[in-house]
Amino acid sequence: MKIATWNINGVKARIDTLLAWLEESKPDIACLQEIKSVDDAFPRMEIEALGYHVETHGQKGFNGVAILSKLRFDEVNRGLPGDDEDEQARFIEGVFSTPKGVLRVVSLYLPNGNPISEDRKFGYKLRWMDRLERWADERLALEEPLVLAGDYNVIPEAGDARNIDQWYNDALFQPESRQALRRLCNLGFIDAIRTTTDEDGIYTFWDYQAGAWQKNNGIRIDHLLLSPEAANLLSSTSVEKHVRAWEKPSDHVPAIAELRID
DNA sequence: ATGGTCGACACTCGA
């Protein structure tokens, strides 16, 4: 069971790239972020033609998440609980039946949080992370395989950036952001991609600006957090870095966890 | 030190 997460940075601008990637990588479940589309405008037909079920939680202009799955959805939940005023589309959960029992997969797009001087940005990020921690704690009590996949907009450690010096004043590497991610992990999740190795570093995002890709000036901010029951099924992880070199690339690349589920 | 690049959308914001 191949589970992928990819911030696609606009599904309408990226549909050809998305279809090419689905045909090449063949994930069983793909979590997308930043679809930047309302549900009605999501290009579902082309994706369904490749054998995927499609569930979206979109909004106009920005944000928006989706899950594509070769398995039928038993249940879909949209929106992160804990704040009825929050209108931003950043969270969707799918529930599936597998030969190993139930599987829960979340596609999440955690707030960027910049600039850190603005409460409506950085404060919102930290409050969102607090809500995520509370939600995850409840779900862990179910003791089921659960994958929290997405763009977390948090650099866990200094080694998760090529040039950490340029991130010290950024919301992605603030002590509060990193601590909130650690608190979430310490509930009992494992950061699947963390175990991946590459002599050039493991990054999932390279900015479009200043030749970041050409200089391999990347950061690791897309994560798959696995509950203990999911971690026990983990067989391999990878980051599909080559996708960043394609025509009209997203600034993120797919990150993958494979679970031993037939 | 500065500006550099994208996508969506509507003359600017979010990243």
Side-chain angles (χ1 to χ4, degrees), chain A residues 5-21 31-44 46-47 56-66 80 85-91 107-129 132 149-156 160-174 176-178 180-181 203-223 241-255:
Chain A
T5 182
W6 190 17
N7 179 320
I8 195 168
N9 189 20
V11 71
K12 286 169 281 185
R14 209 80 59 212
I15 183 60
D16 291 342
T17 310
L18 174 60
L19 295 172
W21 172 70
C31 301
L32 304 180
Q33 301 86 37
E34 279 207 270
I35 62 174
K36 296 185 178 179
S37 170
V38 294
D39 294 338
D40 285 345
F42 191 92
R44 63 165 52 239
E46 299 97 308
I47 296 166
T56 61
H57 185 212
Q59 73 178 92
K60 186 177 179 180
F62 57 107
N63 298 331
V65 290
L80 179 62
E85 312 280 286
D86 186 0
E87 311 248 298
Q88 300 194 33
R90 298 179 172 277
F91 185 97
S107 177
L108 66 89
Y109 177 46
L110 211 144
N112 175 291
N114 283 304
I116 57 178
S117 56
E118 286 187 30
D119 180 72
R120 60 180 275 270
K121 294 295 188 177
F122 191 52
Y124 173 62
K125 176 180 193 144
L126 296 178
R127 289 189 290 275
W128 204 93
M129 294 186 83
L132 179 61
D151 176 0
Y152 281 71
N153 270 314
V154 177
I155 304 167
D160 294 311
R162 179 70 162 200
N163 297 119
I164 198 62
D165 289 358
Q166 70 189 70
W167 298 97
Y168 280 118
N169 290 316
D170 195 287
L172 277 60
F173 195 62
Q174 287 309 292
E176 296 94 328
S177 311
R178 298 171 59 205
L181 181 61
Y203 311 125
T204 63
F205 168 91
W206 296 260
D207 202 288
Y208 288 123
Q209 302 182 65
W213 168 245
Q214 289 74 13
K215 291 185 263 189
N216 194 28
N217 183 14
I219 52 177
R220 187 173 73 89
I221 56 174
D222 298 273
H223 309 304
K241 182 178 183 179
H242 67 285
V243 173
R244 186 64 177 77
W246 287 2
E247 289 292 308
K248 279 196 61 155
S250 169
D251 40 8
H252 296 249
V253 296

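Labels below follow one simple rule: chain letters A, B, ... track the order of the sequence lines, proteins then strands, and each chain is numbered from 1.
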Give the rounded distance in Å between these two atoms: [atom1] of [X] and [atom2] of [N].
{"X": "A/Gln88", "N": "B/dG14", "atom1": "CD", "atom2": "P", "value": "9 Å"}
{"X": "A/Lys125", "N": "B/dG14", "atom1": "NZ", "atom2": "C1'", "value": "14 Å"}
{"X": "A/Leu110", "N": "B/dG14", "atom1": "CG", "atom2": "P", "value": "17 Å"}
{"X": "A/Gln166", "N": "B/dG3", "atom1": "CD", "atom2": "C1'", "value": "14 Å"}

- Note on the structure: For A/Asp119, the salt bridge (Lys or Arg N to Asp or Glu O under 4.0 Å) test, sequence neighbours excluded, returns A/Arg127
- Mind checking salt bridge (Lys or Arg N to Asp or Glu O under 4.0 Å) for A/Arg162 and listing every partner two or more places apart, or none if nothing turns up?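 A/Arg162: no salt bridge (Lys or Arg N to Asp or Glu O under 4.0 Å) contacts found.
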Can you name the side-chain hydrogen bond (donor to acceptor under 3.5 Å, both in side chains) partners of [X], sequence neighbours left out?
{"X": "A/Thr56", "answer": "A/Asp39"}
{"X": "A/Arg244", "answer": "none"}
{"X": "A/Asp86", "answer": "A/Tyr124, A/Arg131"}
{"X": "A/Lys241", "answer": "none"}

- Item | Positions of residues 212-220 of chain A (non-hydrogen atom under 4.0 Å from DNA chain B), listed by number | none
- Item | Result of checking A/Tyr152, A/Tyr208, A/Phe205, A/Trp21 against A/His252 for ring-ring contact (aromatic ring centres under 6.0 Å, His included) | A/Phe205
- Given protein heavy atoms under 4.0 Å, the one-letter contact record of nucleotides 4-11 of chain B, with B base, S sugar-phosphate only and - none, is simply BBSSSSS-
Separation of the [atom1] atoms in [N] and [M], to the nearest angstrom:
{"N": "B/dG14", "M": "B/dT2", "atom1": "P", "value": "23 Å"}
{"N": "B/dG7", "M": "B/dA1", "atom1": "C1'", "value": "28 Å"}
{"N": "B/dC13", "M": "B/dC9", "atom1": "P", "value": "16 Å"}

- Contact class for A/Tyr109 vs. all strands (heavy atom < 4.0 Å): base, sugar-phosphate, or nothing?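 Since only primed, P, OP1 and OP2 atoms lie under 4.0 Å of A/Tyr109, the category is sugar-phosphate.
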- Item | Partner set under ring pair (Phe, Tyr, Trp, His ring centres under 6.0 Å) for A/Tyr109, not counting sequence neighbours | none
- Query: Closer than 4.0 Å, any side-chain N/O of A/Arg120 to the OP1 or OP2 of B/dG14?
  - Reply: yes
- Short side-chain donor-acceptor distance under 3.5 Å, A/Asp207 and A/Asn217: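 Side-chain D/A pair, A/Asn217 to A/Asp207: absent.
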